Every structure is written in C-alpha cells, then in structure tokens.
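A short worksheet on the structure shown next.
All values reported here derive from a predicted model rather than from experimental measurement. For the numbers below, each heavy atom of this structure counts, side chains included, while hydrogens, waters and symmetry mates do not.
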Amino acid sequence: QHTNRFTLTQSTYESIESSAPVQQRLHNLHSLVYPSQYSIKRDLGERYAKMGIVSTAAELFLELELYNDAIECYRIAGKQTLATELVQKRLDKGDKTPRMYAALGDLTGEIHYYETALELSNGKYSAAYVSLGSHYLANKPSSAAASGTEGKETEATKPTPNDKKALTDPSHHLRLACYNFHKAVECKHLLPEIWFKLGVIHMRLSEWDEALFAFSEVVQQEPEEADAWANVAAIHMRKLRPEMAYPALNESLKRRRSNWRVWQSKLYTCIDLRKYDEAVQACQTLLEFRNKKNQSEKVPPLEEKCVRGIVGGSLSDLDDALRVCFDVSAEAAKCSSTDKAEDQKDDIISVTDSAEDKNQRSKAALDSAKRTIERVNGLLKQLSSSRGSSASDTIWLLETIIYFHQRIGKPKSVILEDYMKLHRTLQAVNGWEKDLDLVKKVCDVALEISDLHMHTVTADHDGSNSVENSSNRESLIKCRYLLNRLVSKIATGYVDDQSGPEEVQVLKTKMGEVQRMIDGDSTIR
C-alpha cells in the first residue's frame, strides 16, 4: 500500500541540503570500499563467459593479461587458430608454465604437451592428468604411435599398477584413462566430475567395488547428483544387495523424478524387498511416462514377470496376514476361556494384554495387506484400459487378472466375463489354429468357460423360477455353440489329420455333457 511517509532509508530534500559539503566528503573518498577497475573488468569478463559471450570475454581477459582465461574463451568459441597463436606467443616470451603446455595439448591433441606440463609441475598438475584421461577415454591409444611414445611407459601413460595390458587389448585405453584420472584425484581430491568418470570406467571394466567407491565419493562431494545415486543403486543391484540399493534409489528420485530407468530399477528392488505398495506406485509412474514421453525415449512396457510378481506377492501377504490374524484370535479366545486359580490372576491379565497387542498388530497387518490388494486391483484396471498393447501382452495380462479375481473371491459372472475376453483375444491371433500351444490354451479357456456355465446352471437349479430357467437354457446353448464352433475352427487347421489334436476330443466330450444338461433336465427346457 502506498504512503507518503518516509522509510529509514529515505531522506528529505532538506536533509540532503544540510549534509556536509562536497569538498569535505571528497576528503574521505578513499575510505569507501569500492572494487578496483581491474576487479570490475575481471568480474565482467567472467560473467560474459558464463553467459556464452566468450569472444567479448576473451578481449577483456587479454586487456587484463589473463592469458589462460583468454585461451579458454577462444577455444570454446572455436577460434583454435587464435588460441594456438596466443599460446605460442606466450611460450616464446618464456611463459613456459604447466597450464600453457596443457592448453596447447588441448588445442593440438598431442599428448606429449601434457607430459611436458607434468614434468614442469613434478606430477602435481591435476588438469594435465584430467586432459590425458579424457584423451584416452575418447580415443583409442593409437595416437601414442603418432606422438612417438609407443612402446615406452611414461608416468602419464602407464596403466594401472599390477594390471598391465597389451596395446591390442580393447580395454587398454580405458585403463590408461583410469590411471590418469586416479592421478588427477590424488593431486586434487575434490573433483566430483572426475570421480564420476572413474565410476563409469570401472563399471565398463566390471570392477564393481572400485566403481562403488568412486560414485560414493561423488555423492559425498555433490549430494544433489541424481545420476551418481542411481549408479550406486545399480551396483548394489548387480551385487544382489536390494536392501542397500533401495535408499540410493530413493535419494536419486528425490533429486530427479523424471528418469524412467530409475523408476524401473526401483520396481525391481521393491519386488525383491516385498514392498508391493511402492512397486505399484513405480508401475503407475512408468505407465504415465509411457503415455506422456515421446516415442524416441522408448519407455518399455511393464514386464510380465513384474506384474505377476506383484500380484502373487500381494496375495501371499494377504494369506499370511489372514492366517496370523486367525491364529491370534484363536489364542486370545483360548486364554480368555481358561479357568485359573485366584493366585494366578496377574498372570492371566498379562497374558491377555499380550494377546490383545498381538491381535491389534495382526489386524493392522491385515488392513495393510487389504489396502495393497486394492492398489493392485487398480493397477490391473489401469493396465487393461491402456491402449496400444500387443496381443501377447493382452493375453498374459488377462490371465493374471483372472487369477487375481479368482483368489480374491470375485463373483463367477465377473470371472466368466474375464474368460470370454481372453477367449476372444486368443482367437484374434492370426493362425492360432495351427499353433499347438495356442490351440491348447484356447481349449483350456473354453473348458473353463463351459465349467462356469454348468456351475451357474447347477447352482441355480434348486428354487429357480421360469425366467431363470430360460436364462440358464440360453446360457448352455451359447456354451454348446461356442464349443461346436471351436471344434470346427480347429478342424480346418488339420485337414490331413482327421482326428486333430487330443484337445479336440476333450472339447467334444464337454460338448456332449452340455448337450445332456440341455436335453436331460426338465427344469431347464
């Protein structure tokens, strides 16, 4: 809100007029802590360089005789010729420093300049080791022959001690890079980007303990580095230590939740640790990524083994919780009905309290298992409603849904509808009648559908009215038609073999049972 009142930092015109005169204030000008012109220009050049205005920054650095920074700006700007000329000019004037030789090596790509820089610094210039490591990491060691160092081991090119490899070894350049990066962090420990490269190299060399140490250094120096946390988790997963991979994955997802690979790793880890609620969350996140991300990112579909593992594990936990709850309830009832002597009342009270605690814990575990089942049910609904799935993915998904619905006690009508969806999906596969595995699967599904129809009719036989009898008759007729059409369809794929697969005979037998129920039960007619 605006006001006409002055703040503590504002002054009136009268207060300015009544202040000390200019000539008196100029006497104290030297007491003000203003930065020097040199510092202001250097700060301006650094700001230009960070903004990408490197050519202007290079001019400012040249004016201030900051040649190393000017060379770096020229190199970033792609003005290699100007940078090389500046380096050569400084070397001719006697400015033979390790940094100048390392800069010349970066410009020319010749490793003997790095070796010269290391000789001048007595092996203490970490940037030369970093440049050498990057050179070997990006290129095969064929450049050693071009520089005249082939066949001789210098301090900068020898591989890791106790692990010498011939130059023909494909991993030799990785070991050379690894050696130089290790020397760099020995000279200057706080180099998280070099520790990260070391971790990557050790992973490529299958040296998992060394890689874990390197990435651990990264997360200690840069806790916000999400990729380093993810690599720590990947190494623990490789070493079959999911309980140690789990917290690393959580740390990675705190920093960046948009990496679908980390979510996939968390899915695997949560299944191993039986954390099915978080596994369902990971599945739902992956489905969202698959629907939102571009096709170029190639987010994979959920794997069958993961979904089946979540469904089977959650149902197993529910069974265990129900069994424990039943056992605790029985134990509590037994304790409460036991007749004890008067002097044992205190023991009875303590036993009853312990039983009540167990009962509460068992009920809490059962409620948690039921909530997990609800989440799994929601995941299966989300998977069944997602589009773009192949026929093979739809088949195993429907099989999983049927198994899940049977285990949690869904009505027979719901299970019958699931089986009909599976039956239609199987028959949508081209050439299924000539594939013995698919034929067997289709026949098994048809038999399950027939048993459900027959069970429904048998359950409704007693006490059913005429309307229900008519509906049961139509249901059995549809079942007979389905079996008859299926037998004819399979027969077309086996023209030469009149008998066909043995599953056909089973279908004919079942079709006869259905026909006898239609013809033999007077209440259905």
*Do E374 and K370 sit within salt-bridge range, that is, some charged N less than 4.0 Å from a carboxylate O?*
no
*asked:* For the backbone of K381 and the side chain of S385, can you confirm whether one donor and one acceptor N or O come within less than 3.5 Å of each other?
replied: yes
*Quick one: pull up CG in L302 and CD in Q264 and give me the separation to the nearest 0.5 Å.*
8.5 Å
*asked:* So L249 and V262, do their side chains get closer than 4.5 Å, heavy atoms only?
replied: yes
*Does the D435 side chain pair with the main chain of G431, one donor and one acceptor, at a distance under 3.5 Å?*
no
*For the residue pair W195 and F213, establish whether any side-chain heavy-atom pair is separated by less than 4.5 Å.*
yes
*Of T81, L82, L107, T84, which meets side-chain contact (heavy atoms from CB on, under 4.5 Å) against Y74?*
L82
*Would you give the length of the straight line joining atom OG of S265 to atom OH of Y268, rounded to the nearest 0.5 angstrom?*
7.5 Å
*asked:* Between the side chains of E224 and K254, is the shortest nitrogen-to-carboxylate-oxygen separation below 4.0 Å, so that they form an ion pair?
replied: no
*Do other residues, nucleotides or ligands put more than 12 heavy atoms under 6.0 Å from the CG atom of D92?*
yes
*Does a side-chain heavy-atom distance below 4.5 Å link Y179 with K183?*
yes
*asked:* Within the 3.5 Å criterion, strictly below it, is a donor on Y114 or D106 matched to an acceptor on the partner's side chain?
replied: yes
*asked:* Check this for me: does any side-chain nitrogen of one of D277 and R371 sit under 4.0 Å from a carboxylate oxygen of the other?
replied: no
*Just wondering, do V232 and E251 contact through their side chains at under 4.5 Å, heavy atoms?*
no
*Compare all side-chain heavy atoms of I373 with those of D317 and state whether any distance is below 4.5 angstrom.*
no
*asked:* Could you work out, with side chain to side chain contact (heavy atoms under 4.5 Å, CB included) as the rule, every residue matching K89, not counting sequence neighbours?
replied: K93
_Test item: F215 and H202 side chains (from C-beta on) under 4.5 Å apart, heavy atoms_ = no
*Should the ring pair Y101 and Y113 be called parallel, tilted or perpendicular, given that the plane angle runs from 0 to 90° and is split at 30 and 60?*
parallel
*Does Q24 CD have over 12 foreign heavy atoms under 6.0 Å away?*
no
*Can you see which heavy atom on C178 is nearest to which on I201, and at what distance?*
CB-CG2, 3.9 Å
*Are the charged groups of R255 and E225 less than 4.0 angstrom apart, N to O?*
no
_Just to verify, which of V429, T400, V445 counts as forming a side-chain contact (heavy atoms from CB on, under 4.5 Å) with I395?_
V429
*Would you find more than 12 non-hydrogen atoms of other residues, nucleotides or ligands less than 6.0 Å from R274 atom CZ?*
yes
*Euclidean distance, L66 CG relative to L60 CG, rounded to 0.5 Å*: 10.0 Å
*Please step through side chain to side chain donor-acceptor pair (under 3.5 Å) for the pair D272 and Y246, ending with a clear verdict.*
CA-CA 10 Å; D272 291 338; Y246 176 76; over 6 Å; no
*asked:* What verdict does the side chain to side chain donor-acceptor pair (under 3.5 Å) test give for E217 and H189, after you've listed the backbone C-alpha separation in whole Å, the side-chain angles of each residue and the deciding distance to 0.1 Å?
replied: CA-CA 9 Å; E217 286 287 341; H189 189 76; 3.1 Å; yes
*asked:* Determine whether a donor-acceptor pair (N or O, by modelled atom type, separation under 3.5 Å) exists between the side chain of D95 and the backbone of L91.
replied: no
*Do R407 and D319 sit within salt-bridge range, that is, some charged N less than 4.0 Å from a carboxylate O?*
yes
_Pairwise side-chain contact, L315 with Y403, heavy-atom cut-off 4.5 Å (strictly under)_ = yes
*Do the non-hydrogen side-chain atoms of S55 and Y48 ever get within less than 4.5 Å of each other?*
no
*Is the shortest side-chain N to carboxylate O distance from D69 to R99 below 4.0 Å?*
yes
_side-chain hydrogen bond (donor to acceptor under 3.5 Å, both in side chains) contacts touching residues 305-314 (sequence neighbours left out)_ = E304-R308, R308-E399
_D43 bridged to R47 by N-O distance under 4.0 Å_ = yes
*Rounded distance (nearest 0.5 Å) linking atom SG of C73 with atom CD of E46*: 9.5 Å
